[in-house]
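Below you'll find the structure, written out as structure tokens, and then a few comments.
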Amino acid sequence: MALWRCSSSWLSSVSRSSGGVGGGESKVSPEIAPVSGGEGEGEEEEGEEERWSRLLPELLTEIMRRVDAGAERWPPRRDVVACACVCRRWRDAAVSVVRPPLECGRITFPSSLKQPGPRDAPMHCFIRRNKKNSTFYLYLSLTQALTDKGKFLLAARRFRNGAHTEYIISYDCDDLFPGSNSYVGKLRSDFLGTKFIIYDSQPPYDGAKPARSQSSRRFASKQINPNVSGGNYEVGQVSYKFNFLKSRGPRRMQCNIQCPVGQSTASDPLKEKLISTSSPLALRNKAPRWHEHLQCWCLNFHGRVTVASVKNFQLVAPAGTSDPWGIADEETVILQFGKIEDDAFTMDYRQPLSAFQAFAICLTSFGTKLACE
């Protein structure tokens, strides 16, 4: 598990690059303890940490509550992360106060990206694509606008691996390679690009077994890090139905995602215990209607999508599959994805999907699928 220390990449709230992609962006990255410059420096850091940790627990908790209450959105929310980076006691106080996205509707720590989204309203995000280097960047929307500077969350890069295509997903937009410390998971497609498997770098529940295939191995033999899991755990599948008759209509997709039942509400992944079970959630794309006047297929994206595209979709849970997550009905949109500019797309998700799962599902929509259209 990644160590928590003060980082400019995680504390930065918005992209520093006007183009929205590339190396100048703020990013969410797991932290690696810095190499000490010497004995004197190490002793000084320990003394500083001890001084801050002497605060009374009641006072420290009250400080964290006030910081959390006064920073509902990014960029002010970086103050909460900065407090958690002071020392271990401050981190413990922070994670005891900060609630997960399911309850508060906010993303605070990197662990929030693998926790279920909000219960009452969708989390608004957007994806920017860079066609030149086949990279994709996920941002949290900071305003009601379709796109803004955004808070960087995740990045992915497409690789060709023999007859298959893989998307490596990372906390760091500058470190998009298998085996990196920023590795979050990956997405792997078949030869036709119609079937995808989603892999998580961490076990989704107690007793989960990593995939054994050669393609799912994550590290070379020389890469050993006890703080980072060395396996890939299958957490979902996405498939697109073939259109043999070439009939009119959009793509048809189905998803089966492993969603933990009884998700812990702890904000710190080091403190929460892995749950013992998970249950598959079946999702399908909501069927659009044919608009006679416009002569096209239409879905109501409630103003969040502005450009017609075969990539646009909404995912709902079929009747009878809502439990145990409390989904209201089969009209409740769990995930919607749509085009707003040439290389910009909105992504809105809610529980029981996490930001990581939603991002992986949306990545499957990129690319030509001649057999499905």
Pick one: which of [options] meets side chain to side chain contact (heavy atoms under 4.5 Å, CB included) with [X]?
X: R77; options: L140, I107, V98; value: V98
X: L138; options: L153, L363, L113; value: L153
X: I198; options: N232, N256, L187; value: L187

Less than 4.5 Å apart, side chain to side chain, heavy atoms only: is that true for [X] and [Y]?
X: V307; Y: V305; result: no
X: Q314; Y: F301; result: yes
X: R284; Y: M253; result: no
X: F196; Y: R188; result: no
X: M123; Y: D348; result: no
X: M347; Y: Q336; result: no
X: L283; Y: I334; result: yes
X: F152; Y: C173; result: yes

Apply side chain to side chain contact (heavy atoms under 4.5 Å, CB included) to [X] and list each qualifying residue two or more places apart in sequence or on a separate chain.
X: E234; value: I197, Y199, Q237
X: D148; value: F126, S141, L142, T143
X: N300; value: H302
X: D175; value: D172, F177, S180, S182

Whether the [X] and [Y] side chains hold a donor-acceptor pair (N or O, under 3.5 Å, no angle test) is what I'd like checked.
X: T364; Y: Y167; value: no
X: D190; Y: T194; value: yes
X: Y240; Y: N285; value: no

_Please give me the minimum heavy-atom distance between L315 and C255, naming the atom from each residue._
CD1-SG, 3.7 Å
*NZ/NE/NH1/NH2 to OD/OE distance under 4.0 Å, D68 and R99*: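 Looking at D68 and R99, the cut-off is not met.
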_Salt bridge present between R160 and E166 (N-O < 4.0 angstrom)_ =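 So R160 does not pair with E166 through a salt bridge.
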Throw together a table of side-chain donor-acceptor distances under 3.5 angstrom for residues 57-65, partners on residues two or more places apart or in other chains.
residue: T61; atom: OG1; partner: P57; partner atom: O; Å: 2.9
residue: E62; atom: OE2; partner: R66; partner atom: NE; Å: 3.1

*Rounded to the nearest 0.5 Å, what separation is found between the CG atom of L102 and the CZ atom of R119?*
4.0 Å
Without placing hydrogens or testing angles, list every side-chain donor-acceptor pair under 3.5 Å for residues 339-346, not counting sequence neighbours.
residue: D343; atom: OD1; partner: R129; partner atom: NE; Å: 2.9
residue: D343; atom: OD1; partner: R129; partner atom: NH2; Å: 3.0
residue: T346; atom: OG1; partner: R304; partner atom: O; Å: 2.9

_Assess the residue pair W90 and C85 against the criterion (side chain to side chain contact (heavy atoms under 4.5 Å, CB included)); give the C-alpha distance rounded to whole Å, side-chain angles, the decisive distance to 0.1 Å, and a yes or no._
CA-CA 7 Å; W90 281 61; C85 294; over 6 Å; no
*Donor-acceptor under 3.5 Å (S365 side chain, C362 main chain)*: no
